[in-house]
Amino acid sequence: MANIRIDHIYKRYGKDKHPVVKDFNLEIRDKEFIVFVGPSGCGKSTMLRMIAGLEDITEGEIYIDDQLVNHLPPKDRDISMVFQNYALYPNMSVFENIAFGLRMRKLPKYEIELAVKKASRILEIESYLHRKPRQLSGGQRQRVAIGRAIVRNPKLFLMDEPLSNLDAKLRVAMRMEIIKLHQSLETTFIYVTHDQVEAMTMADRIVVMKEGVIQQIDTPERIYTLPSNTFVASFIGSPQINLISGRIQENALGGLEFLTSRLRIAIHESNAELLRKHGQVNRQVLLGIRPENISLEALFSDAVVTGTYRFTELMGADRFIYLDIGQDQLLTARVSPSVRFEPGDKVRLGIDSLKMLFFHPDTGVRFAD
């Protein structure tokens, strides 16, 4: 069992009064896979290291299974950590690297052999046990590092960007291995990454961070479809969400429209009710709409945009086109790979109006029920 409670954690270095981590609060359930995600320098690795006991806490409390661990050394927290750089001993074989921690704990030889063989079988590295790290690929080395962590059978796994040194193909394969590992071990994982794809594909819940502050804690689906603010909306998703500045105005029929100098987009009644509730009629807002919710197929809707075609990105099964919609802004939309336009063409696309999001132009916070 490993329930984690993090209460009002702050981290400052030296006399610097600006916290690297600010008022971090989180409860993690047993067996949950939590991912901390955010840009470089947002404090996610620092937070992980405080949980591990590798960084001192300036303010706040961390509990593991209701035990306060602020001043508990790492070796007494029953955790295992996997780092970005593998941290393997080059002069030891794979077997010796995986067994090292168990030998330091003076476990009987037969227990060590059973544990190493079990871990190597799970990670499919049994045939490499006699090799040295230099004889392994990057993916194999990372499996050895993970093997060294799981033989200890800890209550909590901490992983700090473990796949960032691997090429794209290996990252995909190792993501799947880590997901399977979590399912088979049935223990708690906290995983740090700057890669939104890793976060979206692996997590039960995602913690999005910016400048040491939590922006949103939610499931991958809700993070993507209902981002709390424009930072989360822009950070998660590729290509990025379209954010367009415009004004909310009532039309002659009593409905609401989103207006810019070149766009007039009908707003679905459910969103119109929300905007009225927040007093946004005749005010500036930011409209957020993801590229996959703008398409030729949605032309039958009341929400239609017209722009000037500029260029395209072919992404295998998808083609993303970029339209000039004025105000020095490009609109990204997803179309079939077979669709072709010439630069300068006028293109008319429909918007799935139920998927439109609206944000405050100053705070960036999404208007929500």
Determine whether a donor-acceptor pair (N or O, by modelled atom type, separation under 3.5 Å) exists between the side chain of [X] and the backbone of [Y].
X    : Y    : value
S80  : A149 : yes
R290 : A233 : yes
Q142 : P162 : yes
Q329 : L243 : yes
H278 : Q280 : no
R348 : L296 : no
R262 : L259 : no
N97  : S93  : yes
N3   : D30  : yes
R247 : N282 : yes

| Under the salt bridge (charged side-chain N to carboxylate O under 4.0 Å, His left out) test, which residues partner R366, sequence neighbours left out? | none

Closest approach of [X] to [Y] (non-hydrogen atoms, all atoms of both residues):
X    : Y    : result
A203 : I206 : CB-CG1, 3.6 Å
P90  : P133 : O-CD, 3.8 Å
A52  : M81  : CB-SD, 3.9 Å
T193 : A199 : CG2-N, 4.2 Å
F258 : S245 : CZ-C, 3.8 Å
L256 : N251 : N-ND2, 4.4 Å

| task | Could you tell me which residues satisfy ring-ring contact (aromatic ring centres under 6.0 Å, His included) with F95, sequence neighbours excluded, listed by chain and number? | result | none

Looking at [atom1] of [X] and [atom2] of [Y], how far apart are the two atoms once the value is rounded to the nearest 0.5 Å?
X    : Y    : atom1 : atom2 : answer
I179 : H182 : CD1   : NE2   : 10.0 Å
T188 : L156 : OG1   : CG    : 6.0 Å
I51  : T46  : CD1   : OG1   : 11.0 Å
I98  : L123 : CD1   : CG    : 7.5 Å
L48  : E55  : CG    : CD    : 10.5 Å
M174 : M202 : CE    : CE    : 8.5 Å

| When the aromatic ring centroids of F189 and F157 are compared, is their separation below 6.0 Å? | yes

| Pair Y191 and F36, ring centroids less than 6.0 Å apart | no

Residue pair [X] / [Y], side-chain heavy-atom distance below 4.5 Å:
X    : Y    : answer
V192 : V35  : no
R319 : S336 : no
I190 : M47  : no
P39  : F235 : yes
M50  : I9   : yes
E198 : R175 : yes
I241 : L357 : yes
D369 : L274 : yes

Applying a strict under-4.5 Å side-chain criterion to I, L, V, M, F, W and Y, I'd like to know whether [X] and [Y] cluster together.
X    : Y    : answer
I64  : L72  : yes
V94  : L170 : yes
I236 : V213 : no
M159 : M176 : yes
F320 : Y224 : no

Within the supplied structure, the quantity of interest is the number of heavy atoms (other residues, nucleotides, ligands) at a distance under 6.0 Å from [X] [atom1]; does it exceed 12?
X    : atom1 : result
R222 : CZ    : no
M92  : CE    : yes
D76  : CG    : yes
K132 : NZ    : yes

N/O donor-acceptor pairs under 3.5 Å from side chains in residues 56-63, not counting sequence neighbours:
residue, atom, partner, partner atom, Å
T58, OG1, R12, N, 2.8
T58, OG1, R12, O, 3.4
E59, OE2, R12, NH1, 2.8
E61, OE1, Y63, OH, 2.8

Scan side-chain atoms only and decide if [X] and [Y] contain a donor-acceptor pair under the 3.5 Å cut-off.
X    : Y    : answer
Q215 : N229 : yes
K346 : T308 : yes
Q84  : S164 : yes

| message | Would E96 and R103 count as a side-chain contact (heavy atoms from CB on, under 4.5 Å) here? Give the steps. | response | CA-CA 9 Å; E96 291 166 336; R103 285 177 173 162; 3.8 Å; yes

| task | Report the C-alpha separation of I265 and I267 in whole Å, then their side-chain angles, then the decisive distance to 0.1 Å, and conclude whether the side-chain contact (heavy atoms from CB on, under 4.5 Å) test is met. | result | CA-CA 6 Å; I265 305 173; I267 296 173; 5.8 Å; no

| request: Please test L163 against R171 for side-chain contact (heavy atoms from CB on, under 4.5 Å), starting from the C-alpha separation and ending with a verdict. | output: CA-CA 6 Å; L163 308 184; R171 281 203 302 273; 4.0 Å; yes

| Can you check side-chain contact (heavy atoms from CB on, under 4.5 Å) on F24 and I214, steps first, answer last? | CA-CA 7 Å; F24 192 104; I214 294 175; 3.7 Å; yes

| message | Does the structure place the NZ or CZ of R105 under 6.0 Å from the centre of the six-membered ring of F100, at an angle of no more than 45° from the ring's axis? | response | no

| Row check, Y13 ring normal vs K11 NZ/CZ: under 6.0 Å, within 45° | yes

| query | What class does the angle between the rings of Y309 and F341 fall in, given that below 30° is parallel, 30 to 60° is tilted and above 60° is perpendicular? | reply | tilted

Determine, for [X] against [Y], whether the closest basic-nitrogen to carboxylate-oxygen distance falls under 4.0 angstrom.
X    : Y    : result
R276 : E273 : no
R264 : E257 : yes
E32  : R205 : yes

| Single hit among D65, T187, D78 for side-chain hydrogen bond (donor to acceptor under 3.5 Å, both in side chains) with K155 | D65

